[in-house]
Structure formats: C-alpha cells, structure tokens
There are 4 protein chains.
Amino acid sequence: MKKEERKDQLLECALRLFAERGYYSTSVAGIIRRAGVARGTFYLYFHNKRDIFQQLLNTNFSYIYRTLPSLELTAGMNEKQLENALLHSLRLLLSHKNSVDFITLVMKEAIGIDKGFAGQVEHFYKTMADIFCGYVARAQALGKARKADPYLVARFIVGMLKEAIYQWARGEITDLDQLARTLVKFIMFGIRGAS
Amino acid sequence: MKKEERKDQLLECALRLFAERGYYSTSVAGIIRRAGVARGTFYLYFHNKRDIFQQLLNTNFSYIYRTLPSLELTAGMNEKQLENALLHSLRLLLSHKNSVDFITLVMKEAIGIDKGFAGQVEHFYKTMADIFCGYVARAQALGKARKADPYLVARFIVGMLKEAIYQWARGEITDLDQLARTLVKFIMFGIRGAS
Amino acid sequence: MKKEERKDQLLECALRLFAERGYYSTSVAGIIRRAGVARGTFYLYFHNKRDIFQQLLNTNFSYIYRTLPSLELTAGMNEKQLENALLHSLRLLLSHKNSVDFITLVMKEAIGIDKGFAGQVEHFYKTMADIFCGYVARAQALGKARKADPYLVARFIVGMLKEAIYQWARGEITDLDQLARTLVKFIMFGIRGAS
Amino acid sequence: MKKEERKDQLLECALRLFAERGYYSTSVAGIIRRAGVARGTFYLYFHNKRDIFQQLLNTNFSYIYRTLPSLELTAGMNEKQLENALLHSLRLLLSHKNSVDFITLVMKEAIGIDKGFAGQVEHFYKTMADIFCGYVARAQALGKARKADPYLVARFIVGMLKEAIYQWARGEITDLDQLARTLVKFIMFGIRGAS
DNA sequence: AATGAATGAGGATTCATTCAT
DNA sequence: TATGAATGAATCCTCATTCAT
C-alpha cells in the first residue's frame, strides 16, 4: 500500500472513531484495530495521537475554508438566491460522510480537549460570523435590513447554522431543501424586519 | 465541616475544573487539590469521578428545569413582554458563576463523554425546543406567525440561544439587555414574517 | 511503611540495579520488582526514571562532597600522615555497599547517559583534581615537589584513584591498607622527584 | 558502491554516533540517516545493532593490539627512551579521529552495556596492565625500582593513562609532548623511589 | 469524618528487526 | 545490492480507585 493511501486510511479511521466516541475515549489501539495495522505503523505516519487529531483539523478545516468562498453573499440577493447559495454550501459540506463526521467531532469535542484546538475551532466560527456580519452590514447600508448590532446578528445566524447542521448530523433532519428554505426565510425576516 | 458543606465544596471545585478543562483533563487529584482535602475524602462523598459529574448534571439541570417555568411564553405576548420574559430567564441563568460554569461545561463537554450523559443533555435541549415549538405553534394558530415547521424554527431559536449564552460565558458579550432585545427582535421578525 | 523509608528503599534498589546493569538496561519494572511494590508506587516518589537517577547522583555526590573536607591535605604532611588521610577518606567512601555501588555506577555509566549527567560527574572529578592540584602547587612552593604542571599531575592522581577504586569495587583489590600505602608512596615519589 | 566501502562507511558513522551519544542513545535510525542509506541496507551488513558494535570493538581493539608491540618497554630504558616510546604510542593512538572516537566510546560506554562487551574491555586494560607490570617487575629485579606490588603499580599507570587520554579526547589537553614528558617523569619517579 | 500510601489496569510511545519488492 | 513500509515486543507513564489507620 502506498504511503498516502495508508495515511488517508488511518486518518479516516481516526475521524470516524473520534466522531463516535470523542477524543479521549478513542485510543490509538482502537484506531489501528479498525485500520487493521500494527501499533508501530501508526507512528510511522503520525507523531502521536494529538498529531493525527491536529491533521484532521487541518485537512478538514482547510477544505472548508477553500469551499467557503462559494458562499458569496451579496446584499442585493433576493430570498431565492440566498436560499440557493446556502443550500449549495450545505450540500457541499454535508455531502459525504467524512465531512459530517468532522463536523460532529468539532462540535462535540474539539473545544474541550485543549486550548490549542479550541482556538482553531473558535477561529473557524469567527470566520463564519465575519462573513455573515459583512452581509448584514451591507444590507443595512442599503436600507434592506433593520438596525441591529450586525455582529450579534451574525452570531445568531452561526448559532442557527450550527444547530441545524448538528441536527442533520444526528439524523433528526433529513430534508436539506426544506431546512435551507426555512432557515433562509427565518434569517431574511429576522434581518429585514417588518416592511 | 458538616457533610453537606464538604460535598457542596467538592461539587463546586469539580464544576469549576470541569468547565475549565473538560471532563477528561480534570483529574480527581485536581479536584481534591483545589478543595484541599485528601484523596479518600473524595470517595466518601462520591462513588467515582463519573458520579460527581452526574451529580453536577442532576443538580444543575434540575435547578434549570425548576426555574424554566418562569419562561412562560404566551402567544399573545407582545415584543416587550417577550423580551422581559427572556431577559428574566437569562438573568436567572447567568447571574451566578456556578450556572455559567455549568453551561460552559455542558456546551463543550458533556456530549463527548458518554452516551448516557449525551442523552441528558439532548433531553434538556429538546425540552427547550419543545417550549419554543409550542409557542410558535400557538402563534401560528393565532395567525401571528407565518407558516413554517414550528419545531425547526424552535431548534433555530435554541441554536441562537446556545450561541448567545456561549458568547456571554466567553466574555464576548457583556450587555445582557442588549442581547435579549436584539435576540427577541430577531426571533419575532423571524417568526412573524413580513406584515 | 513511612514515606521516607519507601523512598530510600526504592533508591537503594535502583542504585543496585543501575550499578549492576547500567542505566538503560535497568527498567522501572526491574526496580519495582526488586522493591516488591506496584508500578504506581514508583511514580509516587519519582517523576520518572531519569528523576530517580538524578536523585541518586544528588544524594550520593552531596554525601561525598560533605565528607571530602576530611581530606585536608597540608603540604607539610609527611608520608605517613598523607597515607592516613587518604586511607581515612577511602575507608569512609568504600565502607558501605551503597557507596561502592554508586561509584561503580558513576564510573561505568553516568557519563554515557546524558550531557546533563555527564556534567555533574565531570564536575566531581574536577573538584577532586582541584584539591590535588592545590596540594601539589603548595608542595612545589615549599620546594618539596619538583617542577611539573600541577593540574596535569593532579589529573594523574585522579586517574590512579579512579582505577584503584574501580579495581576495589570489582573485588580485584581487597587490602585497603596496602592500596593506600602503595598509592601514597607512588604519588609522593612521583611528585617529589629524586632527592 | 562496493561492499567493503559501504560497510566501512556504516562502521564509521556508527562509531561517531556511539562515541557522541553512547550505545543506547544511538539508534539504527540515526546511523542510517547519517550514512544516507535505507533501513534494510544496514541489515545487509550487520546482523543487528549489537553486531555493528561488536565489529567496532573487534576492528579497533585488534588495531590497537597490533600496534601495541611498538611499546616495547625494556627495563634498561632511560627516561628519554621511555618518554619516546610512550609518545610514539600515544601519537599512533590519537592521531586520527576514529581512534579517538573509539577510545571515548570504550571509556564511557562499553562497560555499561553488557557483560560480554565489558569482558573485552577489561581484557584490554588487563593486557595493558600486564605490559606495565612486566616492565616494573623487571626494573625491580634490576634494582632500578623500589619494592611495591608491581601489578598494583601497573594499574596505577593504566589509570593515569586512561585519565590522560580521556582528557585529551575531551580537548582539555592539547600538548601531547608535554603530556608524555610529564607522565613519564611521574611514573619514573613513582617507580624508582628516592635514591 | 478524614487521611494518604498503595495499587494496577490502561494507554501511549519507541525502536530493533523483517521481508516483499 | 538496495529499499522502506510494516511489525510488535518492550517500556514508560497516568490516574481512578481502594483500604488500613
């Protein structure tokens, strides 16, 4: 087996276990058992347990960061356009198991492990909030949104998204289209205010 | 020191540490060091580490459950009333350090530890969601809210609240009044839709 | 068993093993087996394997450093006095098993383990050399010793002592009196030169 | 690369590392990294780590044993002749880096590794001691040396030599001529006694 | 009601060695 | 003749838990 394949295999096994049981309840023993390799093989690819977790964060976050620009929110967008943009991003994000595992992992665990990891997670949420903050602020400037602290509102949106995605990952929500539609409507009205 | 006092002291120390570092990074050694008692004393009051965590969940959740009824949301409430009700509940919740620690703890950790704990946390959020769901449904029945899956909307609200509280616990938000006002407005418009 | 006793017991077992097999071939498992205690007990008293070794160095070196002043070498001493002084110090040093083990350990191992340890050992030898250097220099000043680099000569003396003690520790030499007598004579003549 | 070249290269790299860090702190990984060959290549030339160490001992000791006869000590030698003989041998021994590395290695490590290795090292020192012992005994027979246990004296000489060489290897001594001169004088007077 | 020395299962990590290519 | 991925035994270390005092 080629080096990269084996590494990817280990990363995938680790991601699944981390997402299932959390960081501390996942042992290196568990990871190698699932991957069907020997103890030493693990350390051929990763310095230690922390390292494989870090690499998972890096890989997945950088993937998300790279796909994020597709979520270009223009203040002039109408409801339908916004819905499509959001739906597109959600689909991209939730389309394969690894991403969902990663999100589950980040949501339930990464913060609690370590100040370093927590920082990276917080940074991600902040980036998201900044994107929405910019959108809201622009909309306000155009008179299309009512007055309100745009960053606070952005955080609300992040909170809603987190919850939505988490419910989706737990299988409580199955209809992505309906989710996106309802969410966008809620946000639009929430931002725009009474007309 | 009386039995109850000692136990409360241990619970408090544990809560603080759990909230600061998470379940696994908190050791019994750490708890007793902070409490200034001997190793054996800990096991005089708790069966094991899991037990003290469980008792923290019990105590704090039951406190919250008890105070929740004060958040009676009547469909007929106007914006100001809703805002007051929410502000009152938030104040109750965030007024002392222990509660905030508990929330931090629950948000960052409890889910990742154990299926059993996760269940309790989910149950709490579900209860919250149910309250909001009922409110939204009633408002819809009265024609005061636009059409939308009320449970989904309720989940959005829970997500916003979680995020808001989490930011407050992290010290990112300081003005509780403004928070409550902005949140209620956002929810109201989000629910009600364009008039 | 009291804390100090247990610690001393562990130190003694470790010293014996280190002296017998060297640092790396001695495992914590070996130490606790010999001491008849559990794995965790070891770590109750020492941070790690390096720590117990360090403590052995500290304890024993400081003992030697404390007893060293008894080796007061006056330039005016005659042969018999010098012999007595040396014999006294050697007796003090070689009188109980622990000291001998320690010396064996230091001679065969400490240098090879670690730069840090090596430094401490070198420092000890340097201290010894300095003592002899002072003696030789004083003797030269009094015209009782021939011209020669005193520090080099001191190093020779240290070398002879090391070899003598090492042979004694290996059981090749048994008569301490004869050893001291022969050594002192050799040194005296070596220093003094032909008359 | 030819078989012998590769092997010599590996031996040299290993020698350097063993001398620098000792047997246990030198890993096969380190040796092959320094030699720039693959893992498997190492085992093409040596059965195992112990084997390369053993071969280093063999090669170097046999070299020393071969050159030792040049150190023919005749009882009738005068001071100058003895000095020259010693200087010649020391020069031969310390003239190239490999020898010095080997000596450093033997002095700081070989004893602590393994009974088998220790035996070989002891044997070497014993051989040296025997040479000096013979010289002293012959000198005594000729009435040119005072009475003293010749083997004990020989050990002293070995001790002085070890110390001298070790200091030289550490760079503390730089003038080989002065060293030889001082050493021979010390020995001569030490042996001969007052006349 | 309190202590703290002792325990040992559990998990992480290292590294010499093998073997298919 | 050379490679380097894979192995797993050996070892270190942690920490929740027990129990005699």
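Quick note: numbers below take in every heavy atom, side chains included, and nothing from hydrogens, waters or symmetry partners. Chain naming here is simple, since letters A, B, ... match the order of the sequence lines and numbering starts at 1 in each.
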- prompt: In whole angstrom, what separates L10(A)'s CG from dA5(F)'s P?
  reply: 13 Å
- request: Find which nucleotide of DNA chain F each of T26(B) and F42(A) is nearest to by heavy atoms, and output the residue with the more 5' nucleotide.
  value: F42(A)
query: Closer to the 5' end of DNA chain F via nearest nucleotide, is it K3(A) or V28(B)?
result: K3(A)
field: Residue L44(D), side-chain heavy atoms: nucleotide from dT1(F), dA9(F), dG11(E) that is nearest
entry: dT1(F)
task: Specify the separation, in whole Å, of atom CG of N48(C) and atom C1' of dT13(E).
output: 15 Å
- prompt: Over how many whole Å does the gap from R33(D) atom CZ to dT3(F) atom P extend?
  reply: 16 Å
- request: Answer whether the closest heavy-atom distance between the side chains of N58(A) and Q120(A) falls below 4.5 Å.
  value: yes
message: So does L17(D) get a backbone contact from the side chain of T26(D), meaning a donor-acceptor N/O pair under 3.5 Å?
response: yes
message: Less than 4.0 angstrom between a side-chain N/O of Y43(B) and OP1 or OP2 of dG4(E), yes or no?
response: no
query: Does the K49(A) side chain pair with the main chain of Y23(A), one donor and one acceptor, at a distance under 3.5 Å?
result: yes
query: Is there a side-chain contact between I52(B) and F18(B) (heavy atoms, below 4.5 Å)?
result: yes
query: Pick the nucleotide of DNA chain E nearest each of G40(C) and R50(D); which residue has the one closer to the 5' end?
result: G40(C)
message: Pairing check on dT21(F): which nucleotide meets the Watson-Crick or G-U wobble criteria with it, both distances under 3.5 Å?
response: dA2(E)
field: Atom pair distance, as rounded to whole Å: NZ in K2(A) and P in dA20(E)
entry: 19 Å
field: Side-chain touch Q54(C)/F46(C), heavy atoms, less than 4.5 angstrom
entry: no
message: Without decimals, in angstroms, what is the distance between I32(A) CD1 and dG10(E) P?
response: 16 Å
task: Could you check which of dA16(F), dA5(F), dC12(F) has an atom nearest any side-chain atom of K49(C)?
output: dC12(F)
Phosphate contact (dA2(F) OP1 or OP2) by Y45(D) side-chain N/O below 4.0 Å: yes
- request: Output the single nucleotide from dA16(E), dG8(E), dA16(F) whose closest atom is nearest the side chain of S27(B).
  value: dA16(F)
field: Nucleotide dA12(E), atom P - distance to CZ of F53(A) in whole Å
entry: 14 Å
Whole-Å gap separating P (dA1(E)) and CD (Q9(B)): 15 Å
- request: Could you work out which one of dT3(E), dA6(F), dC12(F) sits closest to the side chain of T41(B)?
  value: dT3(E)
Length of the CZ-C1' vector between R39(D) and dA16(E), whole Å: 8 Å
